[in-house]
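Indexing begins at 1, ligand by ligand and atom by atom, following the structure's order. In what follows, every heavy atom counts, from backbone to side chain, and hydrogens, waters and symmetry copies are set aside.
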Amino acid sequence: MPLRERLRTLERIARRLDPEPADRARLAEASVRYADRFLSQLGAIGTYRGHEPVGEASDFALAEEHDELPRMLRLLDRKVNRPGINPAGRGHFGYIPGGGIYPAALGDFIADVTNRYSGVYYASPGAVLMERSLIEWMAALVGYPKGSGGDLTSGGSIANLSAIVAAREAFDLRARDYHKVVVYLTEQTHHCVDKAIRVAGLRECMIQRVPMDNGWRMEAGALDAMIRSDRAAGLIPWLVVGSGGTTDSGAVDPLGDIAEVADEHGLWFHCDAAYGGFFLLTDYGREKLAGIERSDSAVLDPHKGLFMPFGSGALLVRDESQLANAMSGTANYMQDTRGGEQIYSPADLSPELTRPFRGLRMWLPLRLFGLRPFRACLEEKLLLARHFHEELGKVPGFEMGPEPDLSVVTYRYRPEHGDAEAFNRALLQAVHDDGKTFVTSTMLDGHFTLRLAALHFRSHLDEVEYLLELLRYEARRLLDT
Ligand SMILES: *Cc1c(COP(=O)(O)O)cnc(C)c1O
């Protein structure tokens, strides 16, 4: 076949990748209709389905020939959107609930269709400036001065990793010294920080677990003493990580006191506020998290506290040039991209080059709704947690953890006889079998403990009262059997 003819044949097939307007409309309409039906059925789907039949990977196998979208959506519905945890469910009180506010999906839709290249200013100055504006807004929320900056990441784990790499480079740590380098965490620091230390090549460094008070908050006095004795022993105290809300219990470390100690001894102070950072939008949260403004770096997760869909994290640094020193790179094929612009591009501030235009999914709902409902939703979550703590505490047999610092409540049932752990496991199982709400467990001080994490934008008073009633009822039922 002559080349031109072959090209025309290939073109005819390849053009299927770019549907005509009528086909686009049909595809978009079917997708939106599916999303609407999913949302209207949220109550029926519930929040956890542990017994739903699960398919096999081959259910999703690809083929040479095309499929029909309606059939594919039915498959998606049965095999993906039923079994397991439903993160869109209004009864989600497990782990740290994610978000998924609707206009964020529209932001993703537009970002994906236009596919602006947000990694580099030269390619899309507008996309970079929009993200810059979001970073500046978050940096101001944290209380960082001019010269600060950061990056929108895929999540908190990656943001913590980048912070640790920035801290490593800022201190010019050398491999030959790693075995003398000391990091200060607590037993409650998120495990992604341990992981990040390893991934950053620092597996040999020493990890000191600073003692905590009875609310699982770091003891700044103990931190100070540890740093002094480590330094006297010839070690190199380097990094302290304070939590702006731990995942397990929602405890907020005394960030101001930690900053004081870090300042005095010249440590890098990183604040992991992936869970709790956006409570800074409330008066109460600003008080609780006071001191975060003195950190050198901080992580916030918009896919938690700003109710965005998964894939939205944020790293903020007090001195943006330190992040750029750790992350920037260039090459000959990038030479056209170097203009005289005065701002860093995301590619200068992260290990990523090509990346999704993360800013649009975040900017669109924030601007569309305004900040007021976000603040209200966060304050509501703080109060829901307090309400739950107070009400469950009135039920005989339930032993409550400390007053929540933020929106996580820990609790367990104390049966008069028998195995307390088995009892609480059974109680957890009963909540899971019910499936309308979803809670998780942890180990605290060696005890099997149940948790409630209020952070879902669809969780309101009714969902909390439903769970309270369920726990009361199931505890009684378990006692009777
Ligand atoms: C969720 C969480 C992380 C990890 O963030 P991902 O977005 O899940 O990667 C880190 N630290 C804390 C305190 C968290 O709650």
So, regarding Gly156 and ligand 1 (criterion: nitrogen or oxygen to nitrogen or oxygen, under 3.5 Å), is there a contact or not?
yes

Cys192 contact mode with ligand 1 (heavy-atom cut-off under 4.0 Å)
side chain

Charged N to carboxylate O under 4.0 angstrom, Asp151 versus Arg355?
yes

Where ligand 1 meets Asp301 - atom numbers and elements under 4.0 angstrom, heavy-atom basis:
5 (O), 6 (P), 7 (O)

In the structure I gave you, are the side-chain heavy atoms of Tyr144 and Asp319 within less than 4.5 Å of one another anywhere?
no

Please could you name the atoms of ligand 1 that Ser157 approaches to less than 4.0 Å, counting only its heavy atoms?
4 (C), 5 (O), 6 (P), 9 (O)

For the residue pair His190 and Asp248, confirm or rule out a side-chain donor-acceptor distance under 3.5 Å.
no

What atoms of ligand 1 come within less than 4.0 Å of a heavy atom belonging to Gly245?
13 (C)

Go through ligand 1 atom by atom and flag the ones less than 4.0 Å from a non-hydrogen atom of Gly155.
7 (O)

Closest non-hydrogen atoms of Pro302 and Leu300, given as atom of the first, atom of the second and distance, are CD-O, 3.3 Å

For ligand 1, is there an N or O atom under 3.5 Å from any N or O atom of Thr246?
no

Taking atom 1 (C) of ligand 1 as the reference point, the nearest protein heavy atom with its distance
Lys304 NZ, 1.3 Å

Distance-minimising heavy-atom pair for Ala220 and Asp257:
CB-CB, 3.5 Å

Atom 11 (N) of ligand 1: which protein heavy atom is closest, and how many Å away?
Asp272 OD2, 2.6 Å

Report yes or no: do Asp301 and Tyr275 form a side-chain donor-acceptor pair below 3.5 Å?
no

Per-atom contacts, ligand 1 versus Ala274 - under 4.0 Å to a heavy atom:
2 (C), 3 (C), 10 (C), 11 (N), 12 (C), 14 (C)

Polar contact flag, side-chain donor to acceptor under 3.5 angstrom, Tyr121-Asp348:
no

